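Below you'll find the structure, written out as C-alpha cells, and then a few comments.
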Protein chains: 2
Amino acid sequence: MFSKACEYGIKATIYIATNSYEKKRVSLKEIAKEIDSPVAFTAKILQDLVRHQIINSVQGAYGGFEIEKHKIPTIKLAQIVNAIDGDKIYSGCGLGLHTCDEEHPCPVHDKFKIVRTELKDMLENTNLEELALDIKSGTSFLKI
Amino acid sequence: MFSKACEYGIKATIYIATNSYEKKRVSLKEIAKEIDSPVAFTAKILQDLVRHQIINSVQGAYGGFEIEKHKIPTIKLAQIVNAIDGDKIYSGCGLGLHTCDEEHPCPVHDKFKIVRTELKDMLENTNLEELALDIKSGTSFLKI
DNA sequence: TTTAAATAAGATAATATTATCCGAAATAAA
DNA sequence: TTTATTTCGGATAATATTATCTTATTTAAA
C-alpha cells in the first residue's frame, strides 16, 4: 500500500511526537532503534519530513528531531503520506490509464473510487495526536 | 496501489474475455496494442496467468489467448490480483510490522482494517463478466 | 577554542520491479 | 514436410526503490 520509506516516515513521526509531549528531542539513532528501521535510510526520510516542515531538526551536539507540541493535533496522516509518497495512492487511475474520469472511466473506476475515497478520508481525518497517544498509553506499537 | 504487472494483467484478462464471448482467440501483440502495454513484459504476465489457470493459451500459428466462456462470470478480480501481486494489499500490516493484530496492533491497525476489508470485499465481489461487458458496451475503456 | 555529538548532503551499492531480446517449442496451413 | 506464426523460457538490461558509506556542517559543553 505505502512504500517502505512512507512506513518508516509515519512510524518515525509518531515516535518523535510521543517524545515531544515531554519536550524530549530524539536522535536519529534512537528513532531507528525504536521503529526498527535502517539508520541511514531513515535519515533521508527524516530530512524529507524536515523539508516538508512536518518535523523540526536541530543539528549539533544534543540535537535531534522534535515537533512543536501545539502542532501535533494539526498534523494529519495524509500530510506525512503526501510528503513521502505523493498523492498517487488516492488520486490517479487504479489501472494506470492516463485519462480516467466519469466520461472516460477505466473498468474499475467506480468500484475503486469508493475504496480510495474512504482511504483518503481516513488519512485526512487521522491526526498525529491520536496515533501518538495510543503509543504512549501502550494501546498500539511501533515495532515487532 | 497495484503493481504495473498487475494493472497490465487485469486489463489483458478483461480484453481476452471480451473476445472470448465471440470465441475469438487473441494474440499477445493484439493484447499489448489494445491495452497499451510493453509486449514482452505483457508476455511474462500472461504466462503467469496461464500458470494460475485464469486464462488459456494455445501455441503455434493461429494460437493466442482465450478464456472458456462459462468461466468468465466465475473469475473474480481478487484471483487476478492474487495471481500477480499476492495478497499483500489486503493482508499484512499497513506499517510493515511483522506482528500486527488485535493484541499487538500498529498505530493505524483499526483504521486500516476498515479500508482494507472494503478493498478485499470489492475485489472478491467483482467478477470478470461485469468488467468485460462494460468494455464491450463502450461504458468503460482499457487505454488512454 | 577545541572536542564530541549530532544532522545534512552527496556518492555509491544492493535489491526489486519493469522491460527487452533471443532462441526453442508448438502448431496450423500451404 | 516445409514454412510462417505464435507462445514459452531463459538471459539480459534499464529503472526505481531501498539501503549504506563517507565527508561536511552545526552546535553545545568542556
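Predicted model, so just to flag it, every value in this text is computed and none were measured. Residue numbering restarts at 1 for every chain, and letters A, B, ... go by the order of the sequence lines.
- Side chain of Thr126(B) to backbone of Leu123(B): no donor-acceptor contact under 3.5 angstrom is found.
- Between the P atom of dT18(D) and the CG atom of Leu46(A) lies a distance of 15 Å, rounded to the nearest Å.
- Going from atom CZ of Phe65(B) over to atom C1' of dA26(C) covers 13 Å, rounded to whole Å.
- Shown here for Met122(B) and Leu77(B), the closest heavy-atom pair between the two residues is SD-CD2, 4.4 Å.
- Taking every heavy atom of residues 50-60 of chain A and every atom of DNA chain D, pairs under 4.0 Å involve Gln59(A), Gly60(A), by number.
- What separates CG of Asp48(B) from P of dT18(C) is a distance of 13 Å, to the nearest Å.
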TODO: Dump the intermediate steps for salt bridge (Lys or Arg N to Asp or Glu O under 4.0 Å) on Glu130(A) and Lys111(B), then the final yes or no.
DONE: CA-CA 12 Å; Glu130(A) 47 182 320; Lys111(B) 298 185 179 248; 3.1 Å; yes

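- Checked for salt-bridge contact, Arg25(A) and Glu66(A) meet the test: a charged N lies under 4.0 Å from a carboxylate O.
- For Lys113(B), the side chain to side chain donor-acceptor pair (under 3.5 Å) test picks out Glu102(B), with sequence neighbours left out.
- Distance CG (Asp85(B)) to C1' (dA16(C)): 13 Å, rounded to an integer number of Å.
- Along DNA chain C, the nucleotide closest to Ala43(A) and the one closest to Ala61(A) are compared, and the more 5′ of them pairs with Ala61(A).
- Between Tyr8(B) and dA19(C) there is a side-chain N or O to OP1 or OP2 distance below 4.0 Å.
- At whole-Å resolution of the value, CD in Gln47(A) and C1' in dG10(C) are 10 Å apart.
- When atom types are taken as modelled, the side chain of Glu118(A) and the backbone of Val115(A) share no donor-acceptor pair closer than 3.5 angstrom.
- The side chain of Lys44(A) has dT20(D) as its nearest neighbour among dT20(D), dT18(C), dT17(D).
- Atom-to-atom, CD1 of Ile16(A) to P of dT7(C) comes out at 10 Å; the value is rounded to the nearest Å.
- The residue among Phe2(A) and Tyr62(A) whose nearest nucleotide of DNA chain D lies closer to the 5′ end is Phe2(A).
- Across dA19(C), dA4(D), dT17(C), the shortest atom-to-atom separation from the side chain of Lys88(B) is found for dT17(C).
- Near DNA chain C, meaning a heavy atom under 4.0 Å from it, residues 20-42 of chain B has Pro38(B), Ala40(B), Phe41(B) in order of number.
- Using the six-membered ring where Trp is involved, Tyr8(A) and Phe41(A) have ring planes that are perpendicular, over 60° apart on the 30 and 60° scheme.
- Side chain to side chain, Asn82(A) and Tyr90(A) meet the donor-acceptor criterion of an N or O pair below 3.5 Å.
- At least one donor-acceptor pair under 3.5 Å links the side chain of Asn125(B) to the backbone N or O of Asp121(B).
- Taking atom NZ of Lys4(A) as the reference point, atom C1' of dA16(D) lies 16 Å away to the nearest angstrom.
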